Q: 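Got a structure here, written out as structure tokens. Questions coming.
Please read all numbers here as calculations on a predicted model, not as lab measurements. Convention: sequence-line order gives letters A, B, ...; per-chain numbering from 1.
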Amino acid sequence: MKVWFNPSKAIESALSTIATETEGFGLGFEPGVRPADPRFGDYQANGVLGFAKRNKANPRQLAQRLLEAAQASDSFDPALVELSLAGPGFINFKLTSAFIWQWQLAFSKVEDFQSGAKELKHGRKVVIDYPSANTAKQAHIGHLRPMVIGQAIARLLDFCGADLIRDNHIGDWGTNFGTLIMKIKRDQIDLSQLGEDALVTLDQLYKDGSALEVEQPELRDISRNELVLLQNGDASNTALWDQIVEISKVAFEKLFVQMGVEVDITLGESFYRDKVQRIYDELSEIGLAEESDGALVVWHDEVKKFARNNERPFPFNIRKKDGASNYASTDLATVLYRLEAFQAEEIVYLTDARQQDHFQQLFLTTEKWFKAKGYAKPQMSHVYWGTILGADKKPFKTKSGESIKLQELLDEARKRAFDVVTEKNPDLDKAERVEIAESVGIGALKYADLSSNRTQDYVFSWERLLSFEGNTAPYLLYAVARINSIFRKVGVDPEAPIEGASQAETEAELALARKIMGFVTALELTLSDLRPHFLCTYLYELAGAYSSFYNADKVMVDDDAVKARRLLLCARTRTVLMTGLDLLGIKPLERM
RNA sequence: GCACCCGUAGCUCAAUUGGAUAGAGCGCCUGACUACGAAUCAGGAGGUUGGGGGUUCAAGUCCCUCCGGGUGUACCA
């Protein structure tokens, strides 16, 4: 028997096979293998319980039979895995230290982990729609989560073998352009003369324009007309639009560099302007879309909240009554384009939780439409998140009630981190402290956003985020820095093979070695639901196991054999921590 | 009105998607630097998982019902 990269999966599959040849088992049996409470073992199979219940059998006897069959098979070498029966019919699996040692030998470098992880997505064509910010607006705190969560998920998909396209689906074709152009023309603004803070000015012009529309509602018709002119290719409006988009892109690029956001293509809503007609035609042709109140809409009567006879009807509006396209039209055109141009097998959308209705309608519409036309429907998923709250549990704002600018947030994170580094490590020269503050500050900000379950709101607190205690980026970075420090002192390259090492012996060594293996499960779990906090929790536990080991067992000892086996644990921990941090978009440090 | 989400220790969050005695951090209390970096570690106190009912061998997790909070409700994106 060879050690398995992913024991959970391997045990599951072995038990399934064995069960088919074991009396009392049959169709519908799933072993149900999952990580177990360490008191009982490394993994447990609890599928026998449910199966026995459904078939009115004695679960304990059935589990006993399966366990004996497993032991008799050649799938479980007793020198590597110990099996036992417990409680009402749990089967527990404990990996021996020999197994763990062989696993450590078999999987040492990032490439080794990745070669195993690649099976999770095996070259699947995935388009991830992120960070998809709006143009003509300054980025604020609301843009933090799409950038942070998006890049973490993108890196994870890439690492796990997806053939990935990061598509920045910018909002460059919306109704807001009507208002903005109206205001620009009214004030006769020359966009080329705005200088460095051009986006700030645009942002203000839009706000002023909207305020003006409230005061003078007749201006709305002018704005609407400017939008229609733009959408019909009017030369002067198109020229203005080009300038606005360019100003926005320059500003976003500056943030992307700071945030570590990578984008493969930028195909905004405007790219689909000549592709929406086909959507109207096809959806009408197959009888899915129909006129309602002058607009073209799709009803989903089978879903209660979208049904047409509701008190407040809520159709999927794909063309406004003035004939203009909208969010829905371009999103539909985008799905089709991603299928035809990229052969997308999977599309991942990232937006906040408030857009769930839109995506439910989009997915339902696509499903019916693609089925009628015989198109291959990609798997579509909506990765959404909650709001960042202040201490008062209301959306996080400045004291005066303004939204916090993303740039200001980043600058404050750096400044606060710099102050702490200076306090903890005053001897480092300033340039290095600045570099450390960059990684620690931005990393802490990102980690705070990633470490709690994304579907929930979370409370933002500088104090907790940068207190550097508990489940935070600095705690993980500190663990890496301490490992690096040991390798510097010993004079060994942490990336090089370590000679003379042997299997883990002490309690702390074994606990750490086991925890290192947990990376596989953590990746799988994170990927299954695209929830980065699973990976964060794992990395925190790994760093914790390392810290315990560090305090309990000294690495730099005279006994070369002991030193070698501990150095090997340090090297493996370092590799996994650095790989994990990299997946989260956080830059590990040599010193901090 | 209708739909969806949430309620877990004083505070901030977990709980491998129905598994065994609900776990961390902060804060509080007790210890560990002549030891590889104390931004650390070891330990302690702290819970009727909003209330009630139900399904199940097994419920924080599923169903019903109340209470409390949030979000969405076509021509913004």
Side-chain angles (χ1 to χ4, degrees), chain A residues 8 32 34-37 39-40 44 46 49-50 52-53 59 86-90 92 132 134 171 173-176 269 292-297 303-307 310-324 326-328 330-331 351-358 360-361 386-387 393 420-421 423-425 440 451-453 455-459 461 463-464 467-472 474-475 477-479 481-490 521-522 524-526 528-529 533-534 536-538 540-541 544 547-552 554-557 566 570 591-592:
Chain A
S8 182
R34 64 202 60 211
D37 187 310
R39 283 174 306 209
F40 308 117
Q44 63 169 272
N46 52 37
L49 286 161
K53 177 71 182 173
F90 297 110
N92 291 325
S132 310
N134 295 336
W173 205 238
T175 310
N176 59 323
E269 287 164 355
S292 169
D293 248 348
L296 191 64
V297 307
V303 178
K304 205 172 170 186
K305 67 182 157 186
F306 302 138
N310 280 338
E311 196 179 322
R312 294 181 63 176
F314 187 14
F316 194 43
N317 186 336
I318 65 169
R319 188 180 63 202
K320 302 195 285 187
K321 66 179 169 194
D322 62 10
N326 66 4
Y327 192 23
T330 50
D331 267 3
T351 78
D352 67 78
R354 290 174 304 185
Q355 297 184 36
Q356 287 177 84
D357 287 343
H358 168 78
Q360 199 182 340
Q361 289 175 315
T387 309
K393 300 277 184 112
V420 178
V421 178
E423 181 199 323
K424 303 274 184 196
N425 239 334
V440 170
S451 59
S452 65
N453 192 343
T455 57
Q456 242 84 320
D457 296 347
Y458 77 94
V459 176
S461 150
E463 203 178 309
R464 200 171 39 254
S467 72
F468 305 161
E469 281 162 355
N471 190 8
T472 62
Y475 181 82
L477 290 168
Y478 182 60
R482 288 208 294 194
I483 296 172
N484 286 333
S485 177
I486 288 177
F487 281 101
R488 273 199 310 276
K489 292 216 157 105
V490 179
T521 312
E524 199 178 14
L525 190 60
T526 306
S528 73
D529 242 359
H533 81 284
F534 288 128
C536 293
T537 303
Y538 165 73
Y540 176 55
E541 288 172 0
S547 293
S548 298
F549 156 78
Y550 182 93
N551 272 62
K554 197 174 175 189
V555 178
M556 291 166 66
V557 292
R566 289 183 182 166
C570 288
R591 263 194 295 263
M592 67 183 280

Q: Would you say A:Lys305 places a side-chain N or O within less than 4.0 Å of OP1 or OP2 belonging to B:U73?
A: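 No, because none of the side-chain N or O atoms of A:Lys305 sits under 4.0 Å from OP1 or OP2 of B:U73.
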
Q: Taking ring-ring contact (aromatic ring centres under 6.0 Å, His included) as the test, write out the residues that go with A:Tyr458, two or more places apart.
A: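 Checked A:Tyr458 against ring-ring contact (aromatic ring centres under 6.0 Å, His included); zero matches.
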
Q: Taking ring-ring contact (aromatic ring centres under 6.0 Å, His included) as the definition, give me every residue that meets it alongside A:Phe487, ordered by chain and number, with sequence neighbours left out.
A: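 With sequence neighbours excluded, A:Phe487 shows a ring-ring contact (aromatic ring centres under 6.0 Å, His included) to no residue whatsoever.
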
Q: Holding to ring-ring contact (aromatic ring centres under 6.0 Å, His included), I want the full list of residues that pass it with A:Tyr327, two or more places apart in sequence or in another chain.
A: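 Once residues adjacent in sequence are excluded, the partners of A:Tyr327 under the ring-ring contact (aromatic ring centres under 6.0 Å, His included) criterion are A:His358.
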
Q: Taking salt bridge (charged side-chain N to carboxylate O under 4.0 Å, His left out) as the definition, give me every residue that meets it alongside A:Asp357, ordered by chain and number, with sequence neighbours left out.
A: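 With sequence neighbours excluded, A:Asp357 shows a salt bridge (charged side-chain N to carboxylate O under 4.0 Å, His left out) to A:Lys305, given in chain and number order.
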
Q: Dot-bracket for RNA chain B, 5' to 3', with Watson-Crick and G-U pairs under 3.5 Å, [ ] for crossing pairs and | for other-strand pairs: what is it?
A: (((((((..((((.....[...)))).(((((.......))))).....(((((..]....))))))))))))....

Q: Rounded to whole angstrom, note down the C1' distance from B:G60 over to B:U17.
A: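 Straight-line distance between the two C1' atoms is 12 Å.
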
Q: Counting primed atoms plus P, OP1 and OP2 as sugar-phosphate and everything else as base, spell out the protein contacts along nucleotides 10-18 of chain B at 4.0 Å heavy-atom distance: B, S or - for each nucleotide, 5' to 3'.
A: --SSSSBB-

Q: Can you list everything that forms a side-chain hydrogen bond (donor to acceptor under 3.5 Å, both in side chains) with A:Glu541? Sequence neighbours excluded, please.
A: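 If we apply the side-chain hydrogen bond (donor to acceptor under 3.5 Å, both in side chains) test to A:Glu541, skipping adjacent residues, the hits are A:Lys515.
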
Q: Taking only residues two or more places apart in sequence, or in another chain, which ones meet A:Asp322 in a salt bridge (charged side-chain N to carboxylate O under 4.0 Å, His left out)?
A: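 Not a single residue meets the salt bridge (charged side-chain N to carboxylate O under 4.0 Å, His left out) criterion with A:Asp322.
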
Q: Could you run through nucleotides 34-45 of chain B and give me one letter per nucleotide, 5' to 3': B if any protein heavy atom sits under 4.0 Å from the base, S if only the sugar-phosphate is that close, - if neither?
A: -SBBSBBSS---

Q: Would you please name every residue forming a salt bridge (charged side-chain N to carboxylate O under 4.0 Å, His left out) with A:Arg566, sequence neighbours left out?
A: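 If we apply the salt bridge (charged side-chain N to carboxylate O under 4.0 Å, His left out) test to A:Arg566, skipping adjacent residues, the hits are A:Glu509, A:Asp553.
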
Q: In whole Å, what is the span from the CD atom of A:Glu463 to the P atom of B:C26?
A: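 Atom-to-atom, A:Glu463 to B:C26, this comes out as 13 Å.
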
Q: Considering residues at least two apart in sequence or located in another chain, which fulfil the salt bridge (charged side-chain N to carboxylate O under 4.0 Å, His left out) criterion with A:Asp293?
A: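 If we apply the salt bridge (charged side-chain N to carboxylate O under 4.0 Å, His left out) test to A:Asp293, skipping adjacent residues, there are no hits.
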
Q: Residues in side-chain hydrogen bond (donor to acceptor under 3.5 Å, both in side chains) with A:Asn551, at least two apart?
A: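 For A:Asn551 there are no side-chain hydrogen bond (donor to acceptor under 3.5 Å, both in side chains) partners, ignoring immediate neighbours.
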
